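Encoded as structure tokens, the structure appears first; notes follow it.
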Amino acid sequence: MNQSNRGIWRWLKGFMLKHVHGMITCKEFEDFVLRYCDNELTERQRSLFERHLSFCRECREYLVAYQRTMEVSREVFLSSDDLVPDDVPKDLIKAILKAREQ
Amino acid sequence: MPQEGSEQQRLLQTNAVSEIKAEQLVRDNSGWMLLLAKRLLGDQSLAEDAVQDAFLDAFRALDTFEGRSSLKTWLHRITVNASLTKLRQLKRLAEQPLDEYLPEFDQYGCRSEAPWRHIARVEDVLENKQLRTLVHASINALPDAYRIVLLLRDIEGYDTSEVSKLLDVSESNVKVRLHRARAALKKLLEPIFRGEVD
């Protein structure tokens, strides 16, 4: 698709999402993303959200990358749980116990 | 939230902790508490201070520990609170602009998202030490006000209401910050996800 056709397509897409009944815009979709991931959308909101997903390639791919971000950050931290230091600084333990006495 | 019953918990509920028990409590828990504080504060020295404060708070509050949660859950929250107090003292929890990392839309309101021909699997990232390090660095690059919400909600397992109370901000503010933090982190992680980093 050349530049001119792409511009027309994006204008048309924006127009449809804004004016066709039962559609939401990409910005409205953005406002729903967190609640979609937390399973907090109403049935109607979820239906609008999923209709937009089936229509918009950019939002579909955005959501995959957004959810992958959540998974990766969680897994990277969980996998570092075994890095709990065995040798906590002795001075720290001494300082805690000393401060407790005071 | 961590759930763990233990002998220590039963001992503590007697409200009579001997020196030996206190030392054992510190030895058994200071490792994970130090790791948690370091995650939140991003600094070893500050984390050690926070853990010391957390233990002092814990010893002081032993009388109020009713055993409704596990000892680890109780100490976890105390460590988070001690770390947040440090961040407040350093004025690091003020909201900062994140605009350059947030999603972009064109003049017609349509999302601008470069096509994704490939997205790395979670396993691809986990198996590569350099990528794991980059993920940590990317999270640490977020402004504290957003990074903390992401860590508490997505990593440490607190729910929105708990984070709202810990940070003393509204639940809707927590949600806004969390979404922005995730969206910004997504942008920071894009080179990894698109396979542009080996």
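Chain A is the first sequence line, chain B the second, and so forth, proteins listed ahead of strands; every chain is numbered from 1. Any value given below was found using the heavy atoms of this structure, including those in side chains, with hydrogens, waters and symmetry copies removed. Computed from a predicted model, the values in this text were never measured in an experiment.
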Roughly how far, to the nearest 0.5 Å, is [atom2] of [Y] from [atom1] of [X]?
X      : Y      : atom1 : atom2 : value
A:F29  : B:C110 : CZ    : SG    : 13.0 Å
A:C26  : B:D106 : SG    : CG    : 8.0 Å
B:F55  : A:L97  : CZ    : CG    : 8.5 Å
B:K175 : A:L34  : NZ    : CG    : 7.0 Å
A:R68  : B:W116 : CZ    : CH2   : 9.0 Å

Beyond-backbone contact of [X] with [Y], side-chain heavy atoms, under 4.5 angstrom:
X      : Y      : value
A:L78  : B:I155 : no
B:P103 : A:K27  : no
B:Q107 : A:W11  : no
B:R132 : A:S79  : yes
B:F59  : A:I96  : yes

Any idea which of [options] has the most non-hydrogen atom pairs under 4.5 angstrom with chain B?
options                    : result
A:D31, A:D38, A:V64        : A:D38
A:D91, A:L17, A:I93, A:V33 : A:I93
A:E28, A:E30, A:M70        : A:E30

With a 4.5 angstrom heavy-atom cut-off, which part of [X] approaches chain A: side chain, backbone, both or neither?
X      : result
B:L185 : both
B:R153 : side chain
B:L56  : side chain

For side chain to side chain contact (heavy atoms under 4.5 Å, CB included), just list the numbers for A:L92 and B:L34, CA-CA rounded to whole Å, side-chain angles, deciding distance to a tenth of an Å, and then say yes or no.
CA-CA 10 Å; A:L92 175 62; B:L34 192 57; 4.2 Å; yes
Could you walk me through whether B:S112 and A:R10 pass the side chain to side chain contact (heavy atoms under 4.5 Å, CB included) test, one step at a time?
CA-CA 10 Å; B:S112 300; A:R10 290 189 74 84; 4.0 Å; yes
Okay, A:Q67 and chain B: the region with an atom under 4.5 Å from a heavy atom over there is neither
Against chain B, label A:C56 side chain, backbone, both or neither, depending on which of its atoms sit under 4.5 Å from a heavy atom there.
neither
Can you see whether A:Y62 has B:R111 sitting over its ring - NZ or CZ less than 6.0 Å from the centre and within 45° of the normal?
yes
Less than 6.0 angstrom separating the ring centers of B:H179 and A:Y66, yes or no?
yes
Thinking salt bridges, do [X] and [Y] make one under a 4.0 Å N-O criterion?
X      : Y      : value
A:R57  : B:E113 : no
B:D154 : A:R74  : no
B:R121 : A:E71  : no

Once you measure the plane-to-plane angle for A:F77 and B:H136, does it fall in the parallel (<30°), tilted (30-60°) or perpendicular (>60°) bin?
perpendicular
Would you check, one step at a time, whether the test salt bridge (Lys or Arg N to Asp or Glu O under 4.0 Å) holds for A:K94 with B:E23?
CA-CA 9 Å; A:K94 272 187 195 167; B:E23 182 169 343; over 6 Å; no
